[in-house]
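This report concerns only the one structure given below.
All residue numbers refer to positions in the sequence shown, counting from 1.
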Amino acid sequence: MQTKVLFTADQIAVRVNQLAAEITADIDADTRPVLVGVLKGSVTFLADLVRAMHVDPDVDFMSISAYSDGFAMSGVVKIVKDLESSLEARDVIVVEDIVDTGLTLTYLLRTLQARGPRSLKVCALINKDVRRIAETPIDYQGFETEEFLVGYGLDFKGRYRNLPYLAAVDDVATLAAHPDALNDVFWG
């Protein structure tokens with residue numbers, strides 16, 4: 001099984017700062033936006049994004065489940081953890097680690113739109129539109145790839161989130177059979 005660093009920590013930092021500048025420029029100075037992080041993968045990205053923004057946003061989190069075993073789509077989407085704050089008449093930006101098929105994000109946007117926000121946008125670190133089933137808007141996009149990635153918040157069965165870069169894995173079937181197979185690659 002081979003891996004390669006697809007996006008370095010420095011490349012990610014530059015792009016996150018660019019996204020933060022874009023978002024800051026788009027935000028009405030008289031409003032305080034709500035950034036909704038989609039758990040768990042967005043945490044690293046969201047933390048860096050918030051620190052790079054030149055506004056003071058509210059931050060809240062949701063957890064959505066759409067995977068039966070962390071890899072294969074189950075077909076059922078459900079809210080596992082809901083927001084604590086109201087979105088009524090607020091500018092909302094959903095922060096995602098990766099948008100793949102678009103099914104989960106479509107469900108999430110429909111759910112959030114029903115809560116009456118003034119505006120609703122999406123910021124995604126990774127756009128993987130090669131597998132897109134449901135068209136979903138991405139207003140702020142970090143990178144685009146077809147690769148299977150781990151690192152910088154993206155995991156495989158809860159592992160490898162803490163890598164400071166995004167690594168492409170070429171043999172997902174082997175990784176599925178042996179989730180700890182990359183331990184030696186990443187940590188020697």
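For residues 133-154, the set of pairs meeting the salt bridge (Lys or Arg N to Asp or Glu O under 4.0 Å) definition, not counting sequence neighbours, comprises Lys4-Glu147.
Residue His178 holds its NE2 atom at 9.5 Å from CG of Asp171, rounded to the nearest 0.5 Å. Asp129 CG to Ile138 CD1: the interatomic distance, rounded to the nearest 0.5 Å, is 7.5 Å. For the atom pair Leu83 CG and Leu87 CG, the distance stands at 5.5 Å (nearest 0.5 Å). Here the straight-line distance linking atom CG of Asn17 with atom CD1 of Ile12 works out to 12.0 Å at 0.5 Å rounding. Atom-to-atom distance recorded for Cys123:SG and Leu49:CG is 5.0 Å, nearest 0.5 angstrom.
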Full working for side-chain contact (heavy atoms from CB on, under 4.5 Å) between Lys121 and Val95: CA-CA 9 Å; Lys121 294 185 177 184; Val95 179; over 6 Å; no
Pair Leu154-Ile98, side-chain contact (heavy atoms from CB on, under 4.5 Å): steps then yes or no: CA-CA 8 Å; Leu154 279 73; Ile98 187 167; 4.1 Å; yes
Trace of the side-chain contact (heavy atoms from CB on, under 4.5 Å) decision for Ile93 with Val122: CA-CA 5 Å; Ile93 300 171; Val122 174; over 6 Å; no
Verdict with reasoning, Thr104 to Val38, per side-chain contact (heavy atoms from CB on, under 4.5 Å): CA-CA 10 Å; Thr104 304; Val38 181; 5.9 Å; no
Audit row: Arg15, Gln18, side chain to side chain donor-acceptor pair (under 3.5 Å) steps and yes/no: CA-CA 5 Å; Arg15 189 64 189 124; Gln18 291 168 342; 3.0 Å; yes
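Here Asp82 pairs with Arg115 in a salt bridge; the nearest charged N to carboxylate O distance falls below 4.0 Å. Electrostatic pairing of Asp56 and Arg32 counts as a salt bridge here, judged by a charged N lying under 4.0 Å from a carboxylate O. Under a 4.0 Å N-O distance rule, the pair Asp58/Arg90 qualifies as a salt bridge.
For the 3.5 Å distance criterion, the side chains of Asp170 and Gln2 fail to qualify, holding no donor opposite an acceptor. Side-chain atoms of Asp91 and Ser119 form a donor-acceptor pair, as typed in the model, at a separation below 3.5 Å.
Residues that satisfy the salt bridge (Lys or Arg N to Asp or Glu O under 4.0 Å) test with Asp30, not counting sequence neighbours, are absent from this structure. For Arg51, the salt bridge (Lys or Arg N to Asp or Glu O under 4.0 Å) partners at least two apart in sequence or on another chain are Asp48.
Proximity of Phe45 to Tyr152: side-chain heavy atoms (C-beta onward) are separated by under 4.5 Å at one or more points. You'll find the side chain of Leu125 reaches within 4.5 Å of the side chain of Leu166, heavy atoms only. Side-chain contact check for Phe156 versus Val150: some heavy-atom pair is nearer than 4.5 Å. Side-chain contact between Lys78 and Ser65 is present, with heavy atoms from C-beta onward closer than 4.5 Å. Looking at heavy atoms from C-beta onward, Asp180 lies in side-chain contact with Arg159 at the 4.5 angstrom threshold. By the 4.5 Å heavy-atom criterion applied to side chains, Thr3 and Phe186 are counted as neighbours. Proximity of Leu39 to Met62: side-chain heavy atoms (C-beta onward) are nowhere separated by under 4.5 Å. Residues Val169 and Tyr160 have side chains not in contact (no heavy-atom distance under 4.5 Å, counting atoms from C-beta outward).
Using cut-offs of 30° and 60° on the angle between ring planes, the pair Phe7 and Phe143 is parallel.
For Val92 against Pro117, the heavy-atom pair with the smallest separation is CG2-CB, 3.8 Å. When every heavy atom of Leu103 is checked against every heavy atom of Ala134, the shortest pair comes out as CD2-CB, 3.9 Å. Among all heavy-atom pairs drawn from Arg132 and Asp100, the shortest one is NE-O, 2.8 Å. Scanning all heavy atoms of the two residues, the minimum distance from Pro33 to Thr31 falls at CD-O, 3.7 Å. The two residues Gln141 and Leu19 have their closest heavy-atom pair at O-CD2, 3.6 Å. Scanning both residues, Ala9 and Pro164, for their nearest heavy atoms gives CB-O, 3.3 Å.
Residues Tyr107 and Leu120 share a hydrophobic cluster, clusters being chains of Ile/Leu/Val/Met/Phe/Trp/Tyr side chains in contact below 4.5 Å. Leu105 and Tyr140 end up in different hydrophobic clusters when Ile, Leu, Val, Met, Phe, Trp and Tyr side chains are linked at under 4.5 Å. Taken together through direct or relayed side-chain contacts under 4.5 Å among Ile, Leu, Val, Met, Phe, Trp and Tyr, Val94 and Ile27 form parts of separate hydrophobic clusters. Under the 4.5 Å side-chain heavy-atom criterion for Ile, Leu, Val, Met, Phe, Trp and Tyr, Ile64 and Phe61 are members of distinct hydrophobic clusters. One hydrophobic cluster, built from ILVMFWY side chains closer than 4.5 Å, cannot hold both Leu149 and Val5; they sit in different ones.
Gln11 places a side-chain N or O within donor-acceptor distance of the main-chain N or O of Thr8, the cut-off being under 3.5 Å. Checking side-chain atoms of Thr24 against main-chain N and O of His54 turns up a donor-acceptor pair under 3.5 Å.
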